[in-house]
Structures are given as C-alpha cells and as structure tokens.
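Residue numbers start from 1 in every chain, and the chains themselves are labelled A, B, ... in the order their sequence lines are given, proteins ahead of strands.
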4 protein chains.
Amino acid sequence: MVGGGRDAFIGAVHRIAARIDDQYELVAGAFSSNPEKALASANDLGVPRAYTSFAEMAAKEARRKDGIDVVAIVTPNHMHAPVAMQFLKRGIHVICDKPLTATLAEAKKLAKAAEASGVVFALTHNYTGYPMIRQAKAMIAAGELGELRLVNVEYVQDWLTEPVDNKQADWRTDPARSGAGGSTGDIGTHAFNLASFVTGLTLDTLAADLTAFVPGRRVDDNGHVLMRYKGGAKGMLWCSQVAPGNENGLRLRVYGTKGGLEWAQEDPNYLWFTPFGQPKRLITRGGAGSGPEAARVSRIPPGHPEGYLEGFANIYTEAARAIRAAKAGTPVPEGTTFPGLKEGLEGVAFVDACVRSSARNGAWVSLNL
Amino acid sequence: MVGGGRDAFIGAVHRIAARIDDQYELVAGAFSSNPEKALASANDLGVPRAYTSFAEMAAKEARRKDGIDVVAIVTPNHMHAPVAMQFLKRGIHVICDKPLTATLAEAKKLAKAAEASGVVFALTHNYTGYPMIRQAKAMIAAGELGELRLVNVEYVQDWLTEPVDNKQADWRTDPARSGAGGSTGDIGTHAFNLASFVTGLTLDTLAADLTAFVPGRRVDDNGHVLMRYKGGAKGMLWCSQVAPGNENGLRLRVYGTKGGLEWAQEDPNYLWFTPFGQPKRLITRGGAGSGPEAARVSRIPPGHPEGYLEGFANIYTEAARAIRAAKAGTPVPEGTTFPGLKEGLEGVAFVDACVRSSARNGAWVSLNL
Amino acid sequence: MVGGGRDAFIGAVHRIAARIDDQYELVAGAFSSNPEKALASANDLGVPRAYTSFAEMAAKEARRKDGIDVVAIVTPNHMHAPVAMQFLKRGIHVICDKPLTATLAEAKKLAKAAEASGVVFALTHNYTGYPMIRQAKAMIAAGELGELRLVNVEYVQDWLTEPVDNKQADWRTDPARSGAGGSTGDIGTHAFNLASFVTGLTLDTLAADLTAFVPGRRVDDNGHVLMRYKGGAKGMLWCSQVAPGNENGLRLRVYGTKGGLEWAQEDPNYLWFTPFGQPKRLITRGGAGSGPEAARVSRIPPGHPEGYLEGFANIYTEAARAIRAAKAGTPVPEGTTFPGLKEGLEGVAFVDACVRSSARNGAWVSLNL
Amino acid sequence: MVGGGRDAFIGAVHRIAARIDDQYELVAGAFSSNPEKALASANDLGVPRAYTSFAEMAAKEARRKDGIDVVAIVTPNHMHAPVAMQFLKRGIHVICDKPLTATLAEAKKLAKAAEASGVVFALTHNYTGYPMIRQAKAMIAAGELGELRLVNVEYVQDWLTEPVDNKQADWRTDPARSGAGGSTGDIGTHAFNLASFVTGLTLDTLAADLTAFVPGRRVDDNGHVLMRYKGGAKGMLWCSQVAPGNENGLRLRVYGTKGGLEWAQEDPNYLWFTPFGQPKRLITRGGAGSGPEAARVSRIPPGHPEGYLEGFANIYTEAARAIRAAKAGTPVPEGTTFPGLKEGLEGVAFVDACVRSSARNGAWVSLNL
C-alpha cells in the first residue's frame, strides 16, 4: 500500500476491503510521504516491510522473490499517476483510488503506460461493487426497462457546508492536489461512473454550472450538470458537499420505455423496480427477484444488510480474480467486473468537461477522450 | 363554475375543496362547451342555475341580486383568459386553475385587466396550501436555514410514458390548448411556483433542455432546467411525465448556510429539517416543531393525515377570506396567503423561458416579465 | 348533531366528513350539555335550529315535516346510548362515534332497541373507510393471502405520556364517562375492529395485560393483548397512549400461507403486499394493483394523497347510501359497507374482555356477546 | 473453528467477522462431523491444521506450543456444550454461536464449567454489536428516556412459511438438535437478548403462546410473548418464521417517561429518538447525536453504511480485547462489551420459560435461572 497512514480515511477502508474475502495479505507499505509517519503507521498495522518512499518500495519489491503482486494506491489525487507509474513499469499490478489522476493529461499518459505494461489496473469506483447495482445493470442489459430515456443521479453531502480545516478537507479543496474539480472530482466522478456502469450508456455532451459556495474555496463545492447520452437518453447529475442533512447521498434513478429503477447508496440492499403499469417492487439483495449477478458478489442472506465495506471488498475480490488469472496466464473468469483505466479516463474527462462547460457559462461540451 | 363537467378531473377537486371548510355554495355553472353535457353535469351535481355558455353565465349572474360572488374556472388552459375576462370585467371574483393562460401575451393582458378590475384573483397552485409547505416557508423566512444556496425541485410522473388517448391527455399534449409547454406547463409551473413560494427567492435566469420522448408528441414530456436566483442561490428543476414508478412526485429540497429542508408531496404531513451539525428532525403537521403558519391551515391533530384535498381547500378558504374582506371593504385578514396574478404571470413566463432556452440549446435566459 | 360544540375535536371531523361528498346538510344541533355553549356553537356554525337538550331536539325534529333524517352523535362515550335511544325510537337514523357505549350492558340494550327500530345505525370506526383498507379486505377475501395465520395490529400514541388536563383527556380517562377501558376503549377498539374488518376473522379468545402507567390514572393507558381467532389464526394487539414518538400509529399486518399485507394509518395511501416467494409490492390508492373496492371510495388519482378526513367521509357517504335506500324503500346498493351495531357490540365486548382478562392476570377469556 | 464446513451458513459469517479487524487468524478446524467434508472444507479455506474430530482438535491444539488461543463453535445447538467443554477445560477461550445450548440443564452445566475454567467465553448475539444498538444502550443508561415503561421487540422472518427441506432448516426444526424452541430458540433468543442488552432491564415473568403453524413441524415457528420486567416495565416479543414479506425483521422499540427509541436491524445505521414533546430525530451511525459508544465500534463515516458483518465483527473484536487481556494478565480494556455465559443462560432459560408457559396455556412464569 502507498498512502493510507495515520489520520487517513480511505486507506483503512482499502485494508478492510482487502481482508473481507481473504484474497490479499498486506506485507509492505509506504504509508506516508512523512518518513516518521510512514514507519509508525507500518508498525501500527503490523506490516513487515515498511518503506519511506514509494519509489524505493517499487524498486525493492520488484527485486524480491516474494515481492508484492499488487499495490494499492490511496494517496491524494495528484500522486496517483507518479506512484502508479513506478509500480506498473515493473509489472506490479495496481489498485488505485479514484479519480484516476488530478489532470486529464496525466490520465491519458498513465492509461497509455498502464495498457502498454499489461498489468491489471483496478480503480476503486467502489459503488459499482454493490450487489443491487450489479442487479440493476443486469436488468437494464436484459431490456427490462426498454429503451432508456432518463438518468437522474446525485451525490449529495454536507461536510463542506462551512470552511473545514483538516487533512481530508485540505487536499480535496486544493486544486494542485485534487485537480480542477472539487465536488465534481471527489464525488461527481462516482456519480457519473455509477450512471454509466448501470445504464451502459455513453455520454455525448454535457452542460455544467459549477459553484464554490463557501467563501474562499478554490474548487467547486456544488455542481449542476445536464447530460445528453448517445442514442437520445438525457440526464441530470447533481453533486454537492454543501447540502445540510445529506451524509453520503448517492442516488440513481433510471427510466426507460418499459420501466424504472431507483437505488440509494445509504440503503444499498434495496432496489426499487417498477415495470410500467405495474406496482412498484422492492427487490432486496438475495431476495426474490434478485439474480445471479447480485448473488456472485454477495455473502449473506437477504435481510442481513451488507454495506459499504462489502461493496468495496467486491472490487478487491474481482481484481484478485483478474490478478490470479494474469499470474496463471489464464483467462479472467467470466463475469469478473471492475472499473479500470477506461472508467478512470472517462471520470477525469468528465471533470475536465464540467470545468470547461462551466467556464463557458454552461455551454454543451464533449469529453476530450 | 366554468368547466368541470362529466369526465373532467380537476373540476371535482375544486368542488370538494370548496366544500371542505363550508365557505362556498355552488349555485351556477357552465360545465362544458358542449351544451348537452353542460346541462347534464349541472343536473348530476344538483346545481340550480345551469348555463350552456360562460359568457351568458357571466352576463346573467352579474345582473342577479343573488348572483355569484366568485367563479371557479377549471377549463383547459387556453380558455382561462377568455372566461376570466368575462367575469372580472363584471366585478365577479375569480378562482382560476393553473397555469394562468396558455400564452405569455394572454397572461399579461389578463393580469392587467384583472388588476384594473380590482377583483380577487386566486390561482390554484394548490401545493402552496399544504401546512408543511407553509411551515417550510415560515422557517426559511425566519432564517432557520441561513442564507439560501441550493434549491432542488422535481415533479415527476409517469402517466404519459406511452401515447395516451383520453380527455385529460388530449388537451394537455395539444399546444393550441395547453400552451407551448407540455410537462413544463402542466407540472413544471407547480414545481417552479412551489420553490419560489417556499424560498422567497426570485429567479434571475434559467437554462432548459426540454424533450418530447414519446414519438409524435407535440409538446415536451420531460424538462431539465438549471436555475440561478437573484442573490446567488442556484437550483435544479426536473419535470417529467415519462418516469415509470412516479405517480405525482413533487419533491422540494432547500439548503442554506445553516440547514436544510426536505418535503415530498406524496407524504405531505412530514417536513425534514436538519440544522447543520445536528440530527435530522421530522416535523409533522401539528406536531412538535410545527408552528402557527401550519396550524392556521390545518384541521386535525398530528398523526391524522391531511391530504391533497385539504391542501387545495386551503387555497379556497384563503381566497374566501379575501373575498369576504373585499365585499365588506375591510382589510384582508393578516396571514391570508394564496397565489394570484403575480404567481400566474411568473408561471407562464417560466414556461415561455424554458421553451426559448431549449430552442437555443439551453442558453441562459431571463423571464420576460 | 349532538355534541361537538366549541373545544370538541371529533365533532368538527364529523362535520367535514359529512360535507366532503355533499350528501348531508347540517340543519340542527344540540352541541353541548351547557346551554350557552350549545347556542354559541350553533351560531358559530351557522346552524339554523339550535337546541339546548338532545331530548328536546329529538322530539321536535321528529315532529317537523322537514325534520332531520339522521343524527350524528359525537358526545363522550357514556352519552352515546341515551342520545341514540331518543332518536332511533323516533325513526331517525343514527351515525354514532365509537365505541358504541361505555358499558357492555348498555351496548346490548342499545343494539336491541336499534335493531327493533329498523333505523340505519352507522358507527364511525372510520379507519375502515380508507381505500387501501378496502383493498386489503378484498384481497384477503379473494384468497390472495391463502389461509390466514397471523394478525399483528397496534395503535400507538403518546399524548397521555404525562398527566394531561384538558377536555379531551378528562373524559377519556374518567371511567364513568369513557367506560372501564382507557386506551383499550379509545383506540384498542379501533385496532380490534380494523383487524376484524380486514381479515374477516372472528375472535375466539383473548388474554390481556392492561396497565395504567401514569400515576393516578384511573383507566389503562397501555394494553398488551394476545388473540386467538376461530379457525386457528393468532394475533397480537398493542394499544398505547404513552409511547413517545408515536402520534397516531395504527398499523396492521396480516400473514397467511400465501402472502402478507402491511398497512399504516399515517401513510394510508400505501399497501404493501408480498406474495410468498416474490418481491414485496407497493400498491397505491388508485395505482396498479388497486382494485374496484378501493376505487369506489376514492376521489382523486394515485399520487394525490387522500387522508383521514376522506376516509371518515367514506363512512358518511356509505351511510348516506343506506339512508337513501331506507327512505326510498329500496335495497342498499351493492358494496355499501360501514360499521354498525354488530361492530359496536363487538368493540365494547372486546374492552370488557380485556378488562376481565387483565383482572384475572391475563387468563384467556371469550367475548360476552 | 468447529463446524462451519461446506454448505453451512453461519461459519462463513464467523470467518469474515474474524477477519474484518485483523484480530484473528484461522489456523485449525474440525469443520464437519463428516470426516471427508471436514478435510475438504479445510482445504477450501486453506486452513493448515485440519481435524476430523473436535475432541482430537482440542487435545492436540492444547499440546502445541503454537496451539490456538480460541475456538469458534458454529455447530448446531446441541453440539455447543460438548464441543465447548473439550476446549475450555484445556484453557482454550471460546466464541460460541447462540443459543448457548439446546437445553437448560446443559446450559447450567456448561456455564458452571466455563466459569470455573476462567476462559473468555463470548456468545455471538451479534446484534448487540451494531453501533446504533450501543448508542441506544448508552442513551438509556444516561437516562435520556427517563424511567422505562415499554419494550416492544420483534424478530420476524418468512423462510419457514412452507415446509423446507435443507440443511439449515433441518436441524433448526429438529428438537433433538435445536432444543425445544423453534423460532423462540433461533431468533426469539436474539430478540430477548437485544431488548435486555439495550434496556438493562431484568425480566420478571413472561406469558407465551407458541404455535407450529406448518403441518408436521415439531417446534414452534411463531411465538407471541408478553413480558413483565422487574421495576414495572412491560413488553411484547414476537418471533416468527412464517410471516411472508419479512426477511430478517428484528425491530426494537423502547419507551420511557421522557422519550422513545426505535431501531430496525435491516436499516441498522439509523436510530430514531423522540424526546417527549420534541420532533423525532434521526441519529445516524457516526452522525450528529451519535456518541463515543457507537464510535468505538464503527469504522467508517456516516452515510457509508455498515452492516451485519461489521456488527458481527464487533463481537469478535471485543472478544479479542478480552482474550489479549487474559493472555497478558491485564484488565479488560474499559468499555469492552460482548455477550457471554450470563446472556447465554438467560437465553436458554427464556426459551425454556416460553415452552413451559405455552404448555400451561400462557400462564405467567419466571425464568428458571
């Protein structure tokens, strides 16, 4: 692991996610750019091989016989690319937090390098790991909604309603570290990715109105985005970090000619499905109406709620399947699904497009892919 | 009453609303443009003075000593103005269904004439009659949300998901009778009005992307609208008649520097309030936390749900207060609140602006007031 | 109307309920046992024929050619029987608030007299008027739940959590006026009636544990009741007035060999139906899955919530159908459904049985019918 | 681990729960009474030391220098005691699934032996591990509800609505393996334990009406229980496995003189709190209003749902704290909380009392502790 030392949030999440299905062992880490903190964090975690530099870690691990198979990158955004490059060029697989990079130029370069290297590259758009999201995707792919018309996705929080001064807020509101997008980069990319994943639609153009409501904030803390997908579906995307009463309100609604689906991340075991002209149905994880795509990423019976960590673990476990196949030289098992470079590129391009559109007063723009 | 004969929907709603608080008696009507239907409807309803023409009704009622005080207009949109003109020029008060008119030009003309006449003019944007909407408005006016930043309003239905061929759908999808807006006129105006009513904000500009998804439909059945309010607040408005699983999903969320409010029309007795940094609170109609503004338009204790008809009745009863005052030459009682010409004009201007913006590919436009 | 003067709660409810469908006109009243209040109340309400005594009212109205057809009795419980007797013996139809009487002896006497008189006698167990309750009853009657096994009904409030000193609380906690049951009589009877109405089951025996939690309270403010129905179904009934956070929480759940139904009074437009082995379905008033039994007592489309007053009005309107038929000497229209003497007797017998069982430490007892 | 081989349900849950916080390593197992299955399961799991007999495992592990510190027992109920005895008598700590044993006599014997041995004994009444349950317990202990009056707890499922023939159902409906209680033992004990844990109340007496609804079933599949707690609070407990539409519906409601709390296992991150006379508040895991007792058993921020596995893991991690302390000879860290022998005994005594009461037609009985 690179990053994720003391005081970090997402590093601990990655570590639990890696443990849940017993597919990973954490044996080495460069947990902080601060050497003391890096070592102390390794000690806290009982990690045997502690490094104070990710470059050193990449080099040394690559030389060990029992060196790591895969690195988890959980640094602030601007460090994703430099870290990933060190490992992938040595053939070490990569699991990287989202967004892929802080800038689109970096993203393109990294994607190119990663593809050339042939490593497995997983990007933790973890919300695609939820079983009911897999269920929704499968239902849409099977045509249960008919031709899609409308996508409404929002990711609404309130933790930046007032100026905040802590480690988590600092880098997320610093364009040098987070990229040009604030809420759009941190959570808008998740929303955009989730909508794309579930619907299978490809964005054509978007029009965005971004705002930094909190005085002095240097990146957007709210984004209003209209979307037009190829094929004629249309969408709205709202991301906000300044809506009091919303903790982690990622919600997706999709409507087609034959039906509608509705899902909310804070109650992830439920999927609402309305075939047009019939009563609304509540499909539960593992319950009646829930199919094999959900079951393969689920561990316990219906009514026993799985949560954020299990969804995150599914990304790790899917990546493990791909990594094992890569090591064995066998095909990736059928059904294995996790976000990677393509989704990462699209996410950074989405932020870039939002920023460009907003700068042009909401003009419709395409992704610069 | 003019309109509202057999097969009509909203006429019956107006009649019940008028009865609930015992402030009106229905004594005359021109219930249909079809003379037979007009008379049959009057007979069904036991209304003593049946007319086959609204012009005749206006003329004759104005000449009677016991002529009507007020007319309720529940015709398709394009007939609001012609009917209203006949009555108001004779000093008969008007309660008119929304939107005010089918076109902005008509709306301006009607508003001018109505103002000149001095009659009471109530427009049934009935959702402003819900007690918890009054509560929300009062809380925002009292500063409980701080400075407003975000308005998210949606009015989502599914009844036009497929081509529909009935009286209700026919005129609503015919631009000659409904006006240039489809979903924007029929329900978008409600959403826009509700947001304005609750927040007290004035729209500066909007950008709209309207769509007619159903093949052959001549007016929009879905509208995506971005809004910028004077003072810096921003909003999203979504209206749709093609989202399967949504019956009458009018939902409003408002966020400010100090808190947030959330309300849904289908569960109208609940108002969710989050003071930033505190737990979310459920304010119920008549329950703890619900104040005098809600109480004055409420009839029964908390836990005994009031619904759509009671909210609608509140508009009628508020109008009755104004009409009694007008007849008595006394001031309108304090607190009396109902939508009228100003709201009507704004609504038609909203539709007009949406249509103009959408025609210009979502350019930001102002209301032509 | 007898009772329902200034400060009363349920009288106003009855008056609105009577107006909603325009089937009644309020022309006479003895609104209070206090003569001044009786007259002032009549004046407030614009009721032309004001009486200061219900006996006088019964006598005089019976002699008038345009005398009342029906009396609404909205007094405290102990006055139901004396008032009803005066009217029914003169052939005036009766709509009476629940419970039927304060004591079982009175109830039996009243029922006998009323039956002998041949008048229409409606008891306002108003919750049976909700459309989705009609829907539930119809589904169970049609066998959609299979053979019934379990009934879980609760009616939970919090308004008597602390000692209360007002008109509403006074008589309800005075056994001389309310009867021997407190919460059991005031709300337990509603719960019991609702369960019986929906399921069609007949109680065999019950075991009750009643409590007066608030010091000094003379009647129960909480009741725990186990039930055994004829045919083998079993139930639990909970009524409480001391459960903080519950306003008017009447909830019914019924389960059979083939499915389950769940309904809550505070959200009355929703009925949850699970056919065993299939996803839970949300049936809405007027929406898909909602049938003719609900439609005939519903006024507006799905998504436009109806509430407590509309449900109450349905009882009035059903009674009007029966009264019109009685006056015309024609059969009561098919489908007309309202609670009457049988339900009234059962309700008072239920309270009586609860009190007897609880006095015998929860022994199983039958209703003394 | 003993038990938990191929086809088992709860064994996998224990293994994940043990991994989540990285406090355990699974190194030995007797995963089945069937030797082949035992070895195959060990192989599946990559567990190095596979045994075909728990007695052999206990003996051999006790002799190893690197022998196990603790055994997890996840067998059917009747095997809990025999297995536990083998390990605890050798000083190996025990984590045992609930209920403690199949019979009360066994439970008493085991409790005595375990206490004498001095080992740490954790019983996985896992629902006490949910953060919001810890929060509820802390609030009640702090007096936020005042003096407790009412406890309403239910645990409602539907998976045994029809006769079921699989491994999970087989032993749970066989009194020789599950004990005399069916639903009471399998889920009623959880409900009873949860209510006791949160409220801190001690049961005085109960009255039960148990039923086996499904023809041929040898143990109850539904239990209705009235409860009287020492100090005057009263309760209702409902457990059912035959209520279609309920997956794992464990719900707890507690009311006192000053307020009420409501929680549902299927939405475990929410706790509803109503201070009497104030609006209902939604306390979320980690959100405003959530205190240190919840925070110490929580891993991620509010809005990121934790679920069943995390709650289960909390029991494991609490037990790990006690086991580390036992090994080190230091006091158990303050705040460490997990169910053990006392709760186990009470649970089995609860089932025993329900069965006794029901056999005596619902007579009030005490626990035979």
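Interface with chain A: from residues 264-287 of chain B, residues B/Thr274, B/Phe276, B/Lys280 qualify, criterion being any non-hydrogen pair under 4.5 Å. For residues 191-201 of chain A, heavy-atom neighbours of chain B at less than 4.5 Å comprise no residues at all. At a heavy-atom cut-off of under 4.5 Å, chain B is reached by A/His224, A/Val225, A/Leu226, A/Arg228, A/Gly232, A/Lys234, A/Gly235, A/Met236 from residues 223-236 of chain A, listed in order of number.
Ranked by non-hydrogen atom pairs under 4.5 Å with chain B, the options A/Gly260, A/Gly362, A/Gly245 are led by A/Gly245. Considering only heavy-atom pairs separated by less than 4.5 Å from chain B, the leading option among A/Asp209, A/Leu145, A/Leu261, A/Asp158 is A/Asp209. Ranked by non-hydrogen atom pairs under 4.5 Å with chain A, the options B/Ala363, B/Ser240, B/Ala243, B/Ala207 are led by B/Ala243.
A salt bridge links B/Arg253 with A/Glu154: at least one charged nitrogen is closer than 4.0 Å to a carboxylate oxygen.
Neither the backbone nor the side chain of A/Glu147 comes within contact range of chain B; no heavy atoms are under 4.5 Å apart. For B/Asn152, the part lying near chain A is the side chain, with the backbone staying farther off; criterion is any non-hydrogen pair under 4.5 Å. With a threshold of 4.5 angstrom between heavy atoms, B/Thr257 approaches chain A through N, CA, C or O but not through any side-chain atom.
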*Verify side-chain contact (heavy atoms from CB on, under 4.5 Å) between A/Arg149 and B/Asn222, making sure each step is shown before the conclusion.*
CA-CA 10 Å; A/Arg149 287 172 171 168; B/Asn222 190 83; over 6 Å; no
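Within the 4.5 Å cutoff, the side chain of B/Trp238 has heavy atoms near those of the A/Leu150 side chain.
Residues A/Asn246 and B/Tyr255 bring a donor and an acceptor atom of their side chains to less than 3.5 Å of each other.
Of all non-hydrogen atoms in B/Trp364 and A/Asn361, the two that sit nearest each other are NE1-O, 3.0 Å. When all heavy atoms of B/Pro244 and A/Gly256 are compared, the closest pair comes out as CG-O, 3.5 Å.
In this structure, the ring-ring contact (aromatic ring centres under 6.0 Å, His included) partners of A/His125, at least two apart in sequence or on a different chain, are A/His190.
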